[in-house]
Amino acid sequence: MSRCMMDDHDFEQPGDQAMTFQQMTGMRALPTAGQFLWCLAVICSLTLGSITTFGAEGGVVAQQEGDQIAITIDGQPFTTLHLGKDLKKPYFWPLLAADGAILTRPIEPGEKEHPHHKGLWISIDEVNHSKHWMEREPIVNRGATIEKGAGEKVVIRLENEWLNGDGQAQLRETTRWTITRNRLIAAEIVLEPLVDDVTMGDTKEGFFAVRIAQTMRELQGGKILTANGKTKTKEAWGQPAQWIDYSGKVNEKTYGVTILDDATNFRPGRYHVRDYGLFTVSPFGEGSYQNDMTLSKPVVLAARGAKQTVKLRYGLWVHSGVPTAEEIQKVYEGFLTEGRTENPKKAG
């Protein structure tokens, strides 16, 4: 393994362990009644599978209580969005398959191996030298609006501020999350400078990221497949692709997640896909991902005059089994229009 492909640390971790209530929910105190019911639904889905705890109606439901938004699909828990002001960043955790299998790594107190890898999240290092990926500087949620709370999909709009080391907000992130009944999560992201100038430096540490369950990773028999036909993480690392799928086993059954890169983004993203379970896509690492910093292309956003912004779209599809390339491509084509607030423009 070349040093430039390594993350901030390279460690292996034992297989996934049974989780406590606090580990399952990410809570640091006793649950409210609503949180307890959500956790009970997770436990029921893991043990009995067929029990429905949120009523007989189908579809997707988003329900907020305090600083968390719980998402259910067809009455079963799918994920929870964590927004607490004491967190280093907002994140979704856990991600569950239709039968209740948990496809994300547990969040353990005192985690030593990449503790900043939490479920599904957005962050990056080198924002005016602030290291949000490493959680040295925080990303703070300033507001959450459920624009559509039930149906074939739900839509959640987040306003986040990326703070520097002095606590000053230097970047506003507005992300519109759309979650559909087929377990597709689409993120439409707008990054807006709040100071002059904001430089998104060249780094491999970011941007749209998920940390999969330990038993799903390539180190334990997991498999990847890219839209370009690559099947090994070392082959796919740092390469652009419309999509990459990462599949592996949880409790002897196969599941997977697919990251989708919208063709209309200002440049193709490159993938930080690792054998130990980190899985990301980012447009901010042209030099880092090609092991040649002369190819670096930092993005500078100016707040003065006509304010500059970056708009990006990424998706994550959670699935059971191993889909074919044709099946993934069909999901990708649906993603290109799902949850979009503007008409897609042809890339090129």
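Along the sequence shown, the residues carry numbers beginning at 1. Computation of the quantities below employed the complete heavy-atom set of this structure, encompassing side-chain atoms and omitting hydrogens, waters and symmetry-equivalent molecules.
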Verify whether one side chain among His82 and Gln68 offers a donor that lies under 3.5 Å from an acceptor in the other. yes

Qualifying side-chain hydrogen bond (donor to acceptor under 3.5 Å, both in side chains) pairs with a residue from residues 221-231, counting only residues at least two apart or across chains: none

When you measure from the side chain of Thr337 to the backbone N and O of Gly334, does any donor-acceptor pair fall under 3.5 Å? yes

One should read off an interatomic distance between Leu278 CG and His114 NE2, to the nearest 0.5 angstrom, of 7.0 Å

Side chains of Arg105 and Ile212: closer than 4.5 Å at any heavy-atom pair? no

For residues Ile122 and Ile139, report the shortest heavy-atom separation together with the two atoms involved. O-CD1, 3.7 Å

Between the main-chain N or O of Ile189 and the side-chain N or O of Arg313, is there a donor-acceptor pair closer than 3.5 Å? no

Does the Glu327 side chain pair with the main chain of Thr324, one donor and one acceptor, at a distance under 3.5 Å? yes

Nearest non-hydrogen partners of Tyr314 and Pro283, listed with the distance: OH-CD, 3.2 Å

Output yes when a side-chain donor or acceptor of Gln64 lies under 3.5 Å from a complementary backbone atom of Gly66, and no otherwise. yes

Value rounded to 0.5 Å, distance of CG in Asn251 from CD1 in Ile102: 9.0 Å

Among Trp121, Phe284, Trp162, find the one that has a ring-ring contact (aromatic ring centres under 6.0 Å, His included) with His132. Trp162

Quick one: are Glu137 and His129 in side-chain contact, heavy atoms under 4.5 Å? no

Okay, side chain of Tyr271, backbone of Ala241: is any donor-acceptor separation there less than 3.5 Å? yes

Are Val190 and Phe266 co-members of a hydrophobic cluster defined by side-chain heavy atoms under 4.5 Å apart? no

What distance do Asn160 atom CG and Leu171 atom CG have between them, rounded to the nearest 0.5 Å? 10.0 Å

For Val60 and Ile71, which heavy atoms make the closest approach, and how far apart are they? CG1-CG2, 3.8 Å

Given the rule in the side chain to side chain donor-acceptor pair (under 3.5 Å) test, do Thr215 and Gln220 qualify, once you have shown the distances and angles that lead to the verdict? CA-CA 6 Å; Thr215 56; Gln220 294 185 228; 5.7 Å; no

Closest contact, heavy atoms only, Pro90 versus Leu83: CB-CD2, 3.8 Å

Please determine whether side chain to side chain donor-acceptor pair (under 3.5 Å) holds for the pair Glu205 and Thr203, giving the CA-CA distance in whole Å, both sets of side-chain angles, and the decisive distance to 0.1 Å. CA-CA 5 Å; Glu205 310 294 4; Thr203 176; 5.4 Å; no

Can you find a pair of side-chain heavy atoms, one from Thr79 and one from Leu96, that are under 4.5 Å apart? no

Please check this pair: side chain of Glu126 against backbone of Asp202, looking for a donor-acceptor N/O pair closer than 3.5 Å. no

Of Arg142, Gln168, Arg172, which meets side chain to side chain donor-acceptor pair (under 3.5 Å) against Glu161? Arg142

Would you indicate whether the side-chain heavy atoms of Phe78 and Arg183 approach each other to under 4.5 Å? yes

Treating Glu111 as the side-chain partner and Glu113 as the backbone partner, does any N or O pair qualify as donor plus acceptor under 3.5 Å? yes

Ignoring hydrogens and angles, tell me if any N or O in the side chain of Tyr289 forms a donor-acceptor pair with the backbone of Lys204 under 3.5 Å. yes

Flag side-chain contact, heavy atom, 4.5 Å: Trp243 against Ile259: no

From CG (Asn164) to NZ (Lys131), nearest 0.5 Å: 14.0 Å

Of all pairs that satisfy ring-ring contact (aromatic ring centres under 6.0 Å, His included), the ones with a partner from residues 177-203, not counting sequence neighbours: Phe92-Trp177

Check against side chain to side chain donor-acceptor pair (under 3.5 Å), Gln170 and Ser130: CA-CA 10 Å; Gln170 57 184 354; Ser130 293; 3.1 Å; yes

Any side-chain donor-acceptor pair under 3.5 Å between Thr175 and Glu188? no

Without swapping roles, check the side chain of Asn265 against the backbone of Arg267 for a donor-acceptor pair under 3.5 Å. no

Heavy atoms, side chains only, cut-off 4.5 Å: are Val250 and Met216 in contact? yes

For the residue pair Ala302 and Asp196, what are the closest heavy atoms and their distance? C-OD1, 3.6 Å

Give the intermediate values and the outcome of salt bridge (Lys or Arg N to Asp or Glu O under 4.0 Å) for residues Glu286 and Arg270. CA-CA 8 Å; Glu286 289 295 286; Arg270 294 180 181 272; 3.0 Å; yes

Angle between ring planes, Trp237 versus His272, binned at 30° and 60°: parallel, tilted or perpendicular? perpendicular

For the CG atom of Asn141 and the NZ atom of Lys89, what is their distance to the nearest 0.5 Å? 14.5 Å

List the steps and the verdict of ring-ring contact (aromatic ring centres under 6.0 Å, His included) for Phe207 and Trp133. CA-CA 8 Å; Phe207 166 73; Trp133 176 266; 9.4 Å; no

Taking all atoms of both residues into account, what is the closest heavy-atom pair of Thr104 and Gly119, and its distance? CG2-CA, 4.0 Å

State the OG1-CG distance between Thr309 and Leu191, to the nearest 0.5 angstrom. 8.5 Å

Could you label the plane-to-plane angle of the Tyr332 and Phe335 rings as parallel, tilted or perpendicular, counting under 30° as parallel and over 60° as perpendicular? tilted

Side chains of Glu147 and Thr145: donor-acceptor distance under 3.5 Å anywhere? no

Would you check if Thr178 and Glu338 make a side-chain contact, meaning some heavy-atom pair closer than 4.5 Å? yes

Side chains of Glu218 and Thr233: donor-acceptor distance under 3.5 Å anywhere? yes

Show your reasoning for whether side chain to side chain contact (heavy atoms under 4.5 Å, CB included) applies to Gln76 and Asp74. CA-CA 6 Å; Gln76 299 293 339; Asp74 295 331; 5.7 Å; no

Which is it for Thr80 and Ile69 under the side chain to side chain contact (heavy atoms under 4.5 Å, CB included) test, yes or no, and what are the steps along the way? CA-CA 6 Å; Thr80 292; Ile69 300 177; over 6 Å; no

Salt bridge (Lys or Arg N to Asp or Glu O under 4.0 Å) between Lys234 and Asp275, intermediate numbers included: CA-CA 8 Å; Lys234 287 185 178 180; Asp275 59 5; over 6 Å; no

Donor-acceptor pair between Glu159 and Thr174 side chains, under 3.5 angstrom: yes

Sort and list the pairs that fulfil salt bridge (Lys or Arg N to Asp or Glu O under 4.0 Å) and have at least one residue in residues 248-261, not counting sequence neighbours. Asp99-Lys253

With a 4.5 Å cut-off on side-chain heavy atoms, are Ser247 and His319 touching? yes

Checking Arg340 side chain against Leu336 main chain: does a donor-acceptor pair fall under 3.5 Å? yes

Check for me whether Arg211 meets the cation-pi criterion with Tyr91, that is, NZ or CZ under 6.0 Å from the six-membered ring centre and within 45 degrees of the ring axis. no

